[in-house]
Structures are given as structure tokens and as C-alpha cells.
Amino acid sequence: MAKFNFDKIVDRRGTGAVKLEMLKPEFGCTDVIPAWIADMDFEVCPAITEALTRRMAGHRIYGYTVASDSYWQSIIDWQRSRNGFEIERSELTFIPGVVTGVALAINFFTRPGDRIVIQEPVYHPFRRVITDNGRLVANNRLLHCADGTCRMDLEGLERIFSEQRPAMMIVCNPHNPMGIAWPAETLRSVAALARRYGVKVISDEIHGDLMLGGRKHHPMPTVSNDAAAVTIAFGAPTKTFNIAGFRTSWCVVKNAKLRVPFYQWLSANELNEPNLTATLAAEAAYRNGREWLDEALAYIEGNIDFVADYCARHIPQVRVLKPQASYLVWLDFGQLGLSHEQLIDLTLHHAHVAMNDGEMFGCGGEMHARLNVAAPRSVIADVMGRIACAVAELA
């Protein structure tokens, strides 16, 4: 019997939620169901709320604090038990957000004008954080497979490494927006090429704890000695436990030649100092959130199945790529024969659903949308019904 109620509708108005507050600036309207930015509409694990309440109400001085040994150990223990990722305390540091960590690594390990590889369609802040920091994008576009999934173009990647001589590559592991759980063999091939050509690899592991269908996550540093030698890995409990508002993430670098100067630079600039609420929420999640997460993932899988079945029955023109990880569903509207502007008009102004436009994820994202299904099933049913009605109007 389920212990947690994921069917509960939670009113997030008036809480400063980006999902609601940014509808007008991002979409130009507010009379839509917000199914875009990647946070959940589920209440967090009660243990997280209890830990925060106990500390904030029980001791009403919020001065300078130091992260406890148990906080660091909770990350180490979680990664070992959940993902088989063995981490030494010296290899671990705090980072105030994964994208922040990516930006810091880019600024430390590369120079303006350097090329950095991404694999579009991919999480759009990667391109922005590269170009806004004066670096150049080298796009090793993913290859589309007959079943609608994608695979890495390893031959194309080696060509870029040998001809363009990039300084760095960013791997989204698992992949966002398509929810691909990269096989260990693929990651080993990337790492071998990176080491051969002297390319450092940033691995964004933020969706790594959200594996679906009993799949195993392969943290990049664990797949080979080559990977351990070249990887700067970032992860967080924020997506996993719906605590993104606390800005709590971590970084692991196995190779001391990379780690020591990077961590010294972070410390010198006070960029890796945890704050009180970040450590409280993260440790409570990692210590006591396993049961909540397992139930949440089961519920999310049910939502994904619902979307796939609904489209097969009522909107066969919309193709669903069922994710292998996370709660983001990649929808292919290509069979509708619409232009990009017409597709936005269909989903936003006729269906009244705000999803992430596939084009923002770069080449290969055209005629797609990213749907967030981490919401009560009644909301997801409403979303799909609205899309079905809008598509029916086209006829």
C-alpha cells in the first residue's frame, strides 16, 4: 500500500514558484497548465520537512555554520548504495547548483575562444553557459534511431576531437531532454577518446537517481580508468527529491591533478561553502528519502505509461519517447505537418499547455516538446485531453 499521496493537488500560487511566476515572461500568458520547468508538483518526503522544522524552530540562531561530517557521509553512502559509486571524502566538494558548477569548471579549465563539445538536442543551458563565457560550441549532434531514440555519434566525436581540438566536452548522463540512460560501453568509448585527445569531460549526473524500469545508472567516473582520469562530475539531490530551491549540489573529481587545483580555486573564492538549509535538506533526503523516492518513481512511471497509452489511443500522430530516466517525456509532433510557429500556437494557445519548446534544445529538437509528468495523474490527464482536443481541431 502506498505511503505517500502523489495524487494530491498542491496550490503553488504565492510561493514564488518559477513554474508559475515565469509563465508570463516565458510564454506570454498565464491561463495554461505549467508542464515545463523540471521540478515536481509533489510534496517532498516528510523527513526533509521534519529535519528543517526541527532545526529552524528548535534552535533559533542561524549564524555561520559548518557542514557536518554526517552531511558529507550521507552523499558518499547514497552514491555507494544507489549507484555503486565509491567516493572518498577528499574527492567531494559542495557546489551551489549543477549549472553553476558547469560554469565554474568551464571558467577554470578552459580559456575564452576554446571549443567545448555538446551533443544536441540537449539541455539548453549548456550552450548558453559556453557562449556567454566567451567559449565556442562544437556540436556533435546525436544520431536518431528508427525507434525514435538517439545514440552518440562516436565517429563524429573523434572527428571533432582530432580536427577542432576542443578543450572540454559536456555529457548529460542521463540525457535531458530525451531521458536516455547511456550504456556504460558508450561512456567508456567517450572517455577513451577524451583521454587520447586531452579533452576534459564534464558529466551532469543530476538525473542519475531517477532511473526507470529497474535500470542502473552508470556514473561517468565509474565506467573506466580513462573516465576517472578525465571527468569532473556534478550531481545533486535537487531533481531527485524536489528540493531545487535549496541550491545544493556536489562535485566529484577522481584525478588529483584536476581536483586539487580546481578545489583550491573554489575554496579561495568561497565558491564551494555549503549553507545551513542546503546541508539539512540534502542529508535528510539522502538518509531518509529512499522509500519516498521509490514510490515517486513508480508513480512517475505510471504517468509516463498513461501518456504513451493516451497518445496511442487518441493522438497517434504524436509520438512518445518513453524516458529511461527522469520525469521528462519527449513528444514528437512531426507527423502533424506544422511549422514551428503553428506547433507553438497549437500547444500553447489552443491546448493551453506550457511545455518546453523542443527547438530550445538545439539541432534535432524541431517539432518536439518536453513534457514534465511529475504531477498528479489528474493533471496529466487534463494535459493530454487538452492536446487531443487541439489536435482534433486541426482536422
Side-chain angles (χ1 to χ4, degrees), residues 67-95 98 101-102 104-105 109 169-175 180-195 199-212 214-241 248-264 266-267 272 274 278-279 281-291 293-294 297 324-326:
S68 65
D69 290 341
S70 62
Y71 159 73
W72 300 109
Q73 194 62 44
S74 71
I75 301 171
I76 293 169
D77 291 345
W78 177 269
Q79 288 299 321
R80 177 188 296 123
S81 63
R82 194 84 181 182
N83 299 315
F85 189 6
E86 294 289 343
I87 302 170
E88 299 293 331
R89 170 65 187 90
S90 63
E91 299 167 343
L92 177 66
T93 194
F94 176 86
I95 293 289
V98 167
V102 172
L104 292 171
F109 289 109
M169 175 182 184
I170 304 176
V171 174
C172 201
N173 179 42
H175 185 270
I180 302 168
W182 296 119
E185 182 180 355
T186 297
L187 297 175
R188 277 194 290 270
S189 297
V190 170
L193 289 172
R195 195 172 192 185
V199 177
K200 298 172 184 67
V201 176
I202 290 177
S203 185
D204 175 356
E205 313 261 337
I206 198 167
H207 295 276
D209 293 323
L210 296 169
M211 306 303 290
L212 304 172
R215 292 177 178 86
K216 175 177 171 52
H217 173 54
H218 302 287
M220 185 74 179
T222 69
V223 299
S224 67
N225 291 334
D226 288 335
V230 300
T231 301
I232 303 104
F234 295 100
T238 50
K239 287 284 189 290
T240 309
F241 294 101
T248 177
S249 306
W250 48 260
C251 176
V252 172
V253 185
K254 288 287 185 179
N255 184 345
K257 291 182 179 179
L258 300 179
R259 180 181 70 250
V260 172
F262 182 43
Y263 285 9
Q264 286 178 345
L266 292 173
S267 296
N272 61 344
T279 57
E283 182 174 355
Y286 282 140
R287 294 282 181 210
N288 302 302
R290 187 177 301 271
E291 186 179 9
L293 176 59
D294 289 343
L297 288 175
Q324 299 169 336
S326 196

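Across all their heavy atoms, Pro261 and Ala256 have their closest contact at CD-O, 3.8 Å. The shortest heavy-atom contact between Asn173 and Ser203 is CB-OG, 3.8 Å. Of all the heavy atoms in Met211 and Ala325, the pair that sits closest is SD-CB, 3.7 Å. Glu91 and Lys254 make their closest contact through OE1-NZ, 2.8 Å (heavy atoms, listed as atom of the first residue, atom of the second, distance). The two residues Ile202 and Ala105 come nearest to each other via the heavy atoms CD1-CB, 3.7 Å. Listed here is the closest heavy atom pair of Pro274 and Thr279: CB-CG2, 3.4 Å.
Here the straight-line distance linking atom NZ of Lys200 with atom CZ of Arg195 works out to 12.5 Å at 0.5 Å rounding. Note that SG of Cys251 is 9.0 Å distant from CG of Asn272, once rounded to the nearest 0.5 Å. Rounding to the nearest 0.5 Å places OG of Ser70 at 11.0 Å from CD1 of Ile76. Note that CH2 of Trp250 and CZ of Phe94 are 13.0 Å apart. Values are rounded to the nearest 0.5 Å.
For the pair Phe241/Tyr286, a side-chain contact is recorded, criterion being any heavy-atom separation below 4.5 Å from C-beta on. Annotation: side chain of Val260 is not in contact with side chain of Val253 (no heavy-atom distance under 4.5 Å). Side chains of Leu293 and Arg82 form a contact here, defined as non-hydrogen atoms less than 4.5 Å apart. Within the 4.5 Å cutoff, the side chain of Thr231 has no heavy atoms near those of the Val171 side chain. Phe85 places a side-chain heavy atom less than 4.5 Å from the side chain of Pro221.
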Does the pair Trp182 and Val190 meet the rule for a side chain to side chain contact (heavy atoms under 4.5 Å, CB included), with working shown? CA-CA 11 Å; Trp182 296 119; Val190 170; over 6 Å; no

Assess the residue pair Met220 and Ile232 against the criterion (side chain to side chain contact (heavy atoms under 4.5 Å, CB included)); give the C-alpha distance rounded to whole Å, side-chain angles, the decisive distance to 0.1 Å, and a yes or no. CA-CA 9 Å; Met220 185 74 179; Ile232 303 104; over 6 Å; no

Stepwise side chain to side chain contact (heavy atoms under 4.5 Å, CB included) test for Leu193 and Val199: CA-CA 8 Å; Leu193 289 172; Val199 177; over 6 Å; no

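The side chain to side chain donor-acceptor pair (under 3.5 Å) pairs that include a residue from residues 214-225 are Glu205-His217, where partners are two or more places apart or lie in different chains.
The only member of Leu210, Leu212, Ile180 that meets side chain to side chain contact (heavy atoms under 4.5 Å, CB included) when paired with Gln324 is Ile180.
With hydrogens and angles left out, the side-chain atoms of Arg290 and Ser81 include a donor and acceptor closer than 3.5 Å.
Residues satisfying the side chain to side chain donor-acceptor pair (under 3.5 Å) test with Arg80, not counting sequence neighbours, are Asp77, Glu86. Legend: residues meeting side-chain contact (heavy atoms from CB on, under 4.5 Å) with Thr238, ordered by chain and number and at least two apart, are Ile206, Ala236, Ile243, Ala244, Thr248.
Taking the six-membered ring where the residue is Trp, Phe109 and Phe262 present tilted rings, their angle falling between 30° and 60°.
Side chain of Asp204 to main chain of Cys172: no donor-acceptor pair is present (N/O by atom type, distance under 3.5 Å, no hydrogens or angles). With hydrogens and angles ignored, the 3.5 Å screen pairs a side-chain donor or acceptor of Ser74 with a backbone N or O of Tyr71. One N or O on the side chain of Arg89 and one on the backbone of Leu92 form a donor-acceptor pair closer than 3.5 Å.
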